[in-house]
Amino acid sequence: MRISDKFGIPHISTGAFFRDQLERNTDLGQRIRKYMETGSLVPDELTCEVVEDRLKQDDCRAGYVLDGFPRSLPQARILDQMLAKRGERLDLAIDLEVPDDEIVNRLTARRMCPVCGKIYNLKFNPPASDGGICDRPACTGQLVTRSDDREETVRARLGIYHEMTAPIIEYYTGHRLLRSVEGDSLGPDGVFKRVESILSGLKRV
Ligand code: AMP
């Protein structure tokens, strides 16, 4: 989100898109519910269709940040084909490196405002009020825990990450597109600065 604000390009999060479909109980939401609730991956074909449609919108002409996509080797390959058809190619893939136990700590402490979507963390970025009400001016949302942030679901998601998603690190390393950023000790501002400097270097090329 901060990268998107800084560089003035849209933030495309497949997870946020799918959550919105679930909340609105659309046809797509009903089809993906079982995957989302167990922390499994939504099928590649469906996920790639969603991304391809999104990239057709005008705001994507000057670039975009893909967040949480691709998440499997087939998705990475389909993305390459999708971009080739558009006469584009990926500039960079950023891997934020955080140990599994720290991910469990962070995600189980994550809270979300269901009204405006603002993300909090009880340890690192708690809401101002003890009652768990969103801080945004004029927003009175009662913060909630995402159903897939329960510890057992987070551990299941990590298992899927290591099996299905981690192989794309090698894929992008082979394509000389991967940049790794240490996401454990730098803190949110430190990670942002690091990513910002990588992307700023890219813009000058
Ligand atoms: P996230 O908000 O990125 O953690 O995603 C939440 C959930 O949405 C994941 O656990 C998956 O069920 C689904 N999802 C998000 N992105 C993808 C993707 N690229 N491929 C398959 N499923 C996804």
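Only a predicted model underlies this, so the values are computations on that prediction, with no experimental measurement involved. Note that ligands are numbered from 1 as they come in the structure, with each ligand's atoms numbered from 1 the same way.
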Exercise. Evaluate the side chain to side chain contact (heavy atoms under 4.5 Å, CB included) criterion for residues Phe69 and Val50: first the C-alpha distance (whole Å), next the side-chain angles of each, then the deciding distance (0.1 Å), finally the verdict.
Key: CA-CA 11 Å; Phe69 177 88; Val50 161; over 6 Å; no
The answer for which part of Asp148 has a heavy atom under 4.0 Å from ligand 1 is side chain
Ignoring angles and geometry beyond distance, decide whether Gly68 reaches within less than 3.5 Å of ligand 1 through its nitrogen or oxygen atoms.
yes
Atom 10 (O) of ligand 1: of Arg146, Arg157, Met164, the nearest heavy atom sits on Arg157
heavy-atom search around atom 20 (N) of ligand 1 in the protein gives Gln75 NE2, 2.9 Å
Atom 12 (O) of ligand 1 has as its nearest protein heavy atom Ser40 O, 2.6 Å
Looking only at protein heavy atoms, what sits closest to atom 16 (N) of ligand 1 is Thr14 OG1, 2.8 Å
When rounded to the nearest 0.5 Å, the distance separating OH of Tyr161 from CD1 of Ile103 is 7.5 Å
Between Arg157 and Asp100, does any NZ, NE, NH1 or NH2 come within less than 4.0 Å of an OD or OE carboxylate oxygen?
no
Polar proximity ligand 1 side, Arg19 side, N/O cut 3.5 Å exclusive = yes
Ranked by distance from atom 13 (C) of ligand 1, the top protein heavy atom is Met36 SD, 3.6 Å
Closest to atom 22 (N) of ligand 1 among protein heavy atoms sits Val42 N, 3.0 Å
When distances are taken from atom 23 (C) of ligand 1, the protein heavy atom at minimum range is Phe18 CE1, 3.8 Å
Looking only at protein heavy atoms, what sits closest to atom 9 (C) of ligand 1 is Arg71 NH2, 3.8 Å
Q. Would you call the rings of Tyr171 and His175 parallel, tilted or perpendicular if under 30° counts as parallel and over 60° as perpendicular?
A. tilted
Geometric N/O contact Ala16 with ligand 1, under 3.5 angstrom
no
